[in-house]
Amino acid sequence: MADNITHVSDETFDEQVALSELPVLVDFWAEWCGPCKVIAPVLEEIAGDKAGKLKVVKLNVDENPRTAQRFQVMSIPTLLLFKGGKAQSRIVGARPKGQILAEVEPHLSAR
Amino acid sequence: MGEDVRNVVILGSGPAGLTAAIYTARADLRPLVVEGEPSSTSDQPGGQLMLTTDVENFPGFPEGVLGPQLMTDMRAQAERFGADMRTAKAVSVDLSSTPIGIWFAGEEASGPSVRTRSLIIATGARSLMLGLPNEARLLGYGVSTCATCDGFFFRDRPIAVVGGGDSALEEALFLTKFGRSVTVIHRRKELRASKIMQDRAFRNEKIDFRWDSVVTDVLGGDRLEGIVLEEVNTGETTTLAVEGLFVAIGHVPNTDLFVGQLELDPAGYLVTRDGTKTAVPGVFACGDVQDHTYRQAITAAGSGCMAAIDAERYLADLESHEALAAETAV
């Protein structure tokens, strides 16, 4: 796993995501999910490209069902973008890099 | 850009495309595999097997193998012999030009993204959805395109699976691990699925069947609450309370790119003759895009191998003609 992506859990979610100063893109995934594997390298690229502007984290729904339930995730991969502790945008299903960026970029500050 | 002329480009990265990649790479042809773009439907890198769990009928795996694992391994095998992988979707091809031009999504405005002396088409087939407006609205909120991804979220909940083939029963059986009940909805009185799958499904206590029925609506506000069924003989409609809906009603070939350039059969599949040849010299087709009869991982892989050998021979002939022409010109 690349250094750019942190793993979060039910326990660390609030500290890592809700209290983050940067916008956070959370990837809800699981080991058994084929499309999750397909977008994993795409998310690593995005984490690298947007370093300093966006934090990308992964949450394993199998090990952390409470957070998945809390945000009504019923399909994976689901990507949720958090800003100021609130979910601002939701992408359900694997998508190409361009579509993910188009969804995420409006929420990032210009700096 | 124009300078990049390849010997072989392979469109698609399921068992057909990756087998063709392994063979052409081993023949030193440095194939470029245009593997598609990420999606949660069967139209994605790795193809339909990315959405399955246990593959029990691919020879060489006595205990079975996970579909995504099999595809990851095939991809690694192709890369080991020097295949170039490109995560892009081809959106346009010009088969009338020499070399053949191919454009990737987002690069339509300029010249071809890549040009190639030969082309192996392995774009496969994608799953059909019901096509109901509320189905799209509730996608990800109870309606799912991937049982293996999402089954987990339906623990102890009632689930419906639409379809009567092997894929439908495979999904239904898989979903019994999670759901309280699984109702298989089929528009006929008999299943299309293989005997072994039917036996397993009939024996499973969690599975029941609604015969001669079609889904006419999908109900729910912000998550799926039920579906409306119509009995096809009587026209009678009933509502079935379900929280998960999985659709496996068949496939359509991914041939939109080739309409007007290659011969399609009435169902939209590419027509091949004499092995994997299409009517355009240097253009070959393999896997589900040209096969609505067998549609197995192993037959797709087999035809991918055939396409690779056909392409290799075509390129060898082309080279000897070019050499001969150069000689006579002197």
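Convention: sequence-line order gives letters A, B, ...; per-chain numbering from 1.
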> Is the gap between the ring centers of A:Phe71 and A:Phe13 under 6.0 Å?
Replying inline: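 Here the rings of A:Phe13 and A:Phe71 have centres that are less than 6.0 Å from each other.
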
>> Determine whether A:Lys37 and A:Glu31 satisfy the following criterion, side-chain contact (heavy atoms from CB on, under 4.5 Å), listing intermediate values before the conclusion.
In response: CA-CA 8 Å; A:Lys37 291 202 165 86; A:Glu31 197 55 57; 3.8 Å; yes

> Side chain of B:Thr19, backbone of B:Pro15: donor and acceptor closer than 3.5 Å?
Replying inline: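 Such a contact is found between B:Thr19 side chain and B:Pro15 backbone.
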
> Tell me, side chain or backbone of B:Pro68 under 4.5 Å from chain A's heavy atoms, or both, or neither?
Replying inline: side chain

>> So which residue, A:Pro35, A:Pro77, A:Gly34, ends up with the most heavy-atom pairs under 4.5 Å with chain B?
In response: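 The answer is A:Pro35.
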
>> So which residue, A:Thr78, A:Val92, A:Asp62, ends up with the most heavy-atom pairs under 4.5 Å with chain B?
In response: A:Asp62

>> To the nearest 0.5 Å, what is the distance between CG on B:Leu138 and CD on B:Glu225?
In response: 8.5 Å

